[in-house]
Amino acid sequence: MVHVYNCHPFASQHIVAAEQEPGLVCCGGGAVFVVSAGGCKIEAYELQREGCPLICRFSSMGSVLSIRHSAVGDYLVTIEEKNKATYLRAYTNWRYQAVEKTRVGVRLLGHLLRGSSFRGTPKEQMEIIEIPLFEPPLCMACCSLTGDLLVGCAKSLVVFSLKRQTLSEQLSVLDFERVLILHIQGWSPSQVAFCAGYVALQTELEVLVVKLTPQQKSSAAAEEHALLPEDIMTETSIDEDAEMTKDGFSPLHAQEDFFLFPKHQEMLGNEAQECGISLVLEWTGMEAESRGDMSVFALSRRFAPDFFQGCSVEETRLHSLQLHPMFTGKGEPTCVFVFFSLPNTGYMYSLKNTVELVSTYQYPEKAHQAVLSDQFLYIITRNALQCFTVRCSAVAARVDDPYIDTTMKACPPVTMEVCALRIQLFIGLKLLCQDGNQIVLLTAADVDSKEDTERTARRNTSRKTSVCKPTEPADSGHGWNLYVITSVSTLQLYREIVEYSKRYEQSSPSSQSCVHLLSEGHLLLRTALLLQDCESAERAQLQEAFQESCAQLGDCFSRFDKKDCHLALPYYKMSGLAVTDVIKRNMPVSSISAGYGKGFIFFLKHSLYEETMEELSKDMADKVLEIFSVAEPAQLPHVVSSPSMLNADPYSAMTHLRQLEASGAPSITLSLCVASQALRKGDLHTYRQQMDRHAEMLQVYGFIEEPKLLLHGRGKGVLPTILAQHLHDTHEGLLVAAVVALHENSKIRLEEADLFFQELCKDGAEADSSPQLLVDFWEALLVASSHEAIIQELLFRLTSVYIDRITRRDRSGVKALKTAEDLVSVHTFLACYSTFLGCCRWFSTYCY
């Protein structure tokens, strides 16, 4: 399902003042390239400046059938036709044509002009590079990372590596080297794509994505020139098919007297190896002998014609194949996506790490062309430009940040339904291309009847070729326009989406449409922050809006009573809001509702338990007690024990705890909690009454259930509570036993216990770093622990303490919890160690 909204992602549009009717259009490098309908003149217009002024114009050597621009190297590559022959040409340094009467050099691939034309001062001139091929080119694509060129032919794919050749200290030129030929049996691609080592090719109803992965070549394989394992097709099979065709026997896929409809098929990852397509790699470059790359099938998708989508068999064909990388830093792309489309449905897959279907786009009408970007998917139909949201940033965020989908951070799910933000009407849309935040559209009024158009399309359609010739000039003078549409800024669109979501929030605060819109706005901001291509001031604004978005999503999920309510916790954490602010944001909603949302209670409970929140004021702490007494009374003992609740009114806390006690059987933890609050009030009678209700061993279990009754903080910030201080003065044995139990139940580490006792005894008469209560703890833990590493550490510490006491001879006034005889009979397996410790202890106690 695709949600349809009416936002405004487009800021402005203006018309490019092209002199002749465009036949082909492409854009890149901040420019739009217009091929005249005659096909022999190319004009470049600047996209970033108002009015799109002309940069330059130059003539091609033939009629241009297809044109692409490469951002790396800033060159154009064309498929041209002249005298019924097809050529592949690259145009470099085309910007020099802005100067009138600039020289143009023409050369073959690899043949650099080192003669008299480059002697003396460097010459600034455009170069046209002829790229020879064994068979006519059908389609091509440029790698956005390296500038390498991929050319699709009837029986093979050819990869050309972009190189910069240095002719002198002041002059270098671009050139290409043919490095790889991919032989594919039975495939004649209609479109190809090339990016980050991935090769994608498309026929009318099939898509194949191959990953060229490096693999170390063995010496035996090098000697045999084996490029792939034996289960991959060899050159012999290609030659056999050629001989069969020569003798009049055509393979099944080449016969035209009947047509077999394929069945739907999807193979991802390792499964794609079984797709039945044969592939051979032939390295041809200078480093061919040392190359060990091999092909790994990443995706194979086959479609069958669907007669129930309003399209004829001829119209049911794939288009708009695209490989799109997404970067979150320098170096390799974080994610690579492949997109392709049928007339009524588009598909986007993630290729890196795990190959999976990310999104499916259902178009409201037949789409002619689609372009994928980091933030949006643009499609054109006959009379509309449509803007859809994408999930690129949701995938990239999970690859880039391992804390996503934890209690620390969250991100809208990859599987969240996409939406159409805008459907903008145009008349007679023909072509679409995109560069940065600019979209280029070619429109042409079509006055022919529908029947004439379809008849002409069927007559011109050929299943043997995929290259569409440029539109010829119309004799009747049909109107045409070339539009450049600028997208609005991310912040402006985000604010509009937030305002749009408030319409749904007014009707239903827990509306899924409200959450969906806020999630879309959140992904827009996340995309802009991941791309890292904005200035510091703009980035600060984006970060502020991102935290605001997290807070709004936290508000939505805090009201939920469904399975997604837990997302309130990570979104509120990412918002940077204090817990006090979160409570205030949820109070107006809660006052008019039947209770508090589960998401809000989940956030509040975890914030109190994690001890990371700030100390609440008296009023806010009392409010938290009131919230939990209504929502989850059983959690009150844990809430009251939190260090954030130190300012809570003890009388109010006692009231809520008494109500909980009256509602059921009193628990040990509840009694200890009441005793702690009684100490805060100075009510020793109630304290003794509560402590006498349970035996000491049961009280130890109560401390295990709620350690914050004794200590607050973790790491280097451990502080004893008022109850721990009172036990230090009145019941040291219970205190030591409780801390030993906490350690043995992994509630506290040994270093934290040391800090706890040192902080507890810092105001005592003992001046050294090992107070007697800490030594008592070590001795008790030595008896209780079964961990060898802990035992060895305790033996070392106690030995040091006893030796220090023997040498100092001033411990006569210290009273220990255990006697020397107790330590001598600790454990059988510690007999030697404990005897030594007992003797040292006896010596230090009775002899001095």
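In what follows, residues are counted from 1 in the order of the sequence shown.
No side-chain donor-acceptor contact under 3.5 Å links Y572 to the backbone of S558. When atom types are taken as modelled, the side chain of T799 and the backbone of L795 share a donor-acceptor pair closer than 3.5 angstrom. Proximity of a side-chain donor or acceptor of S629 to a complementary backbone N or O of E626 within less than 3.5 Å is detected. Side-chain atoms of T807 come within 3.5 Å of backbone atoms of D804 as a donor-acceptor pair (strictly under, hydrogens ignored). No side-chain donor-acceptor contact under 3.5 Å links N745 to the backbone of K747. Formation of a donor-acceptor pair under 3.5 Å by the Q552 side chain with backbone atoms of L518 is not found in this model. At distances below 3.5 Å, at least one donor-acceptor pair connects side-chain atoms of Q699 with backbone N or O atoms of M691. Here the side chain of R693 pairs no donor or acceptor atom with the backbone of Q689 at under 3.5 angstrom. Remark: the backbone N or O of L660 is paired with a side-chain donor or acceptor of S663 at under 3.5 angstrom.
In this structure, the side chains of Q690 and L670 stay at 4.5 Å or more apart for every pair of heavy atoms. By the 4.5 Å heavy-atom criterion applied to side chains, F600 and R559 are not counted as neighbours. Residues L742 and L711 have side chains in contact (heavy-atom distance under 4.5 Å, counting atoms from C-beta outward). Residues E732 and L773 meet the side-chain proximity criterion, which asks for heavy atoms closer than 4.5 Å. Side-chain contact check for Y687 versus V674: every heavy-atom pair is 4.5 Å or farther apart. The closest side-chain heavy-atom distance from E759 to P720 is below 4.5 Å. Considering only heavy atoms from C-beta on, V640 comes within 4.5 Å of C673 through its side chain. Counting heavy atoms from C-beta outward, L723 and F703 have side chains that approach closer than 4.5 Å.
The two atoms that bring A568 and G554 nearest to each other are CB-O, 3.9 Å, heavy atoms only. The minimum heavy-atom distance linking A741 with I704 is given by the pair CB-CD1, 3.7 Å. Of all heavy-atom pairs spanning L760 and L735, the tightest one is CD2-CD2, 3.3 Å. Across every non-hydrogen atom of A648 and R680, the tightest pair is O-NH2, 2.9 Å. The nearest pair of heavy atoms linking M645 to A621 is CE-O, 3.1 Å. When all heavy atoms of M620 and T580 are compared, the closest pair comes out as CE-CG2, 3.6 Å.
Atom OH of Y651 is separated from atom CG of D649 by 8.0 Å, given to the nearest 0.5 angstrom. Distance CD1/I790 to OG/S786: 10.0 Å, rounded to 0.5 Å. Interatomic distance, S575 OG to L553 CG, rounded to the nearest 0.5 Å: 10.5 Å. L542 contributes atom CG, which lies 11.0 Å from atom CG of L530 (distance to the nearest 0.5 angstrom). Taking SG from C411 and CG from L567, the interatomic distance works out to 10.5 Å, rounded to the nearest 0.5 Å. Note that the OG1 atom of T328 and the CG atom of D401 stand 10.0 Å from one another [nearest 0.5 Å].
Taking F557 as the reference, F560, Y571 meet the ring pair (Phe, Tyr, Trp, His ring centres under 6.0 Å) condition, with sequence neighbours excluded. Residues passing the ring pair (Phe, Tyr, Trp, His ring centres under 6.0 Å) test with H606, sequence neighbours excluded: F602. With sequence neighbours excluded, no residue forms a ring pair (Phe, Tyr, Trp, His ring centres under 6.0 Å) with H566.
No side-chain donor from either of N647 and S617 sits under 3.5 Å from a side-chain acceptor of the other. In this model, a donor atom of one side chain and an acceptor atom of the other lie less than 3.5 Å apart for E788 and Q792. There is no side-chain donor-acceptor pair under 3.5 Å between E706 and S641. For H731 and E696, the side-chain atoms include at least one donor-acceptor pair closer than 3.5 Å. D729 and Q725 form no side-chain donor-acceptor contact under 3.5 Å, judged by distance and modelled atom types alone. A side-chain donor-acceptor contact under 3.5 Å links E705 and T669. Using modelled atom types and a 3.5 Å distance limit, the side chains of D683 and T686 yield a donor-acceptor pair.
The number of heavy atoms from other shown groups lying within 6.0 Å of OH (Y609) is above 12. Atom NZ of K409 is surrounded by 12 or fewer heavy atoms from other residues, nucleotides or ligands within 6.0 Å.
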Inset, instruction - Please test K598 against E632 for salt bridge (Lys or Arg N to Asp or Glu O under 4.0 Å), starting from the C-alpha separation and ending with a verdict. - result: CA-CA 10 Å; K598 288 185 178 179; E632 291 190 25; over 6 Å; no
Inset, instruction - Applying salt bridge (Lys or Arg N to Asp or Glu O under 4.0 Å), run through D400 and R526 and close with a yes or a no. - result: CA-CA 12 Å; D400 190 58; R526 186 179 285 276; over 6 Å; no
Legend entry - Intermediate values then yes/no, salt bridge (Lys or Arg N to Asp or Glu O under 4.0 Å), E793 and R797: CA-CA 6 Å; E793 176 66 21; R797 294 184 182 187; 2.9 Å; yes
Legend entry - Intermediate values then yes/no, side-chain contact (heavy atoms from CB on, under 4.5 Å), I601 and F628: CA-CA 8 Å; I601 299 299; F628 276 96; 4.2 Å; yes
Inset, instruction - Give the C-alpha distance, both sets of side-chain angles, the deciding distance and a yes or no for side-chain contact (heavy atoms from CB on, under 4.5 Å) between T721 and H712. - result: CA-CA 7 Å; T721 64; H712 289 161; 3.6 Å; yes
Inset, instruction - Please report the C-alpha distance between H516 and S519 in whole Å, then the side-chain angles of each, then the deciding distance to 0.1 Å, and finally whether the side-chain contact (heavy atoms from CB on, under 4.5 Å) criterion is met. - result: CA-CA 5 Å; H516 188 268; S519 298; 5.7 Å; no
Inset, instruction - Evaluate the criterion side-chain contact (heavy atoms from CB on, under 4.5 Å) for residue pair F603 and N586; output intermediate values, then yes/no. - result: CA-CA 11 Å; F603 162 78; N586 281 270; over 6 Å; no
Legend entry - Test salt bridge (Lys or Arg N to Asp or Glu O under 4.0 Å) applied to D581 and R585, step by step: CA-CA 6 Å; D581 297 329; R585 292 172 73 99; over 6 Å; no
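Residues K623 and D619 are not paired through a salt bridge, judged by the lack of any N-O separation under 4.0 Å between the basic side chain and the carboxylate. Using a 4.0 Å cut-off between charged nitrogen and carboxylate oxygen, R539 and E544 do not count as a salt-bridge pair.
Taking the six-membered ring where the residue is Trp, F777 and H743 present perpendicular rings, their angle passing 60° and hence far from 30°.
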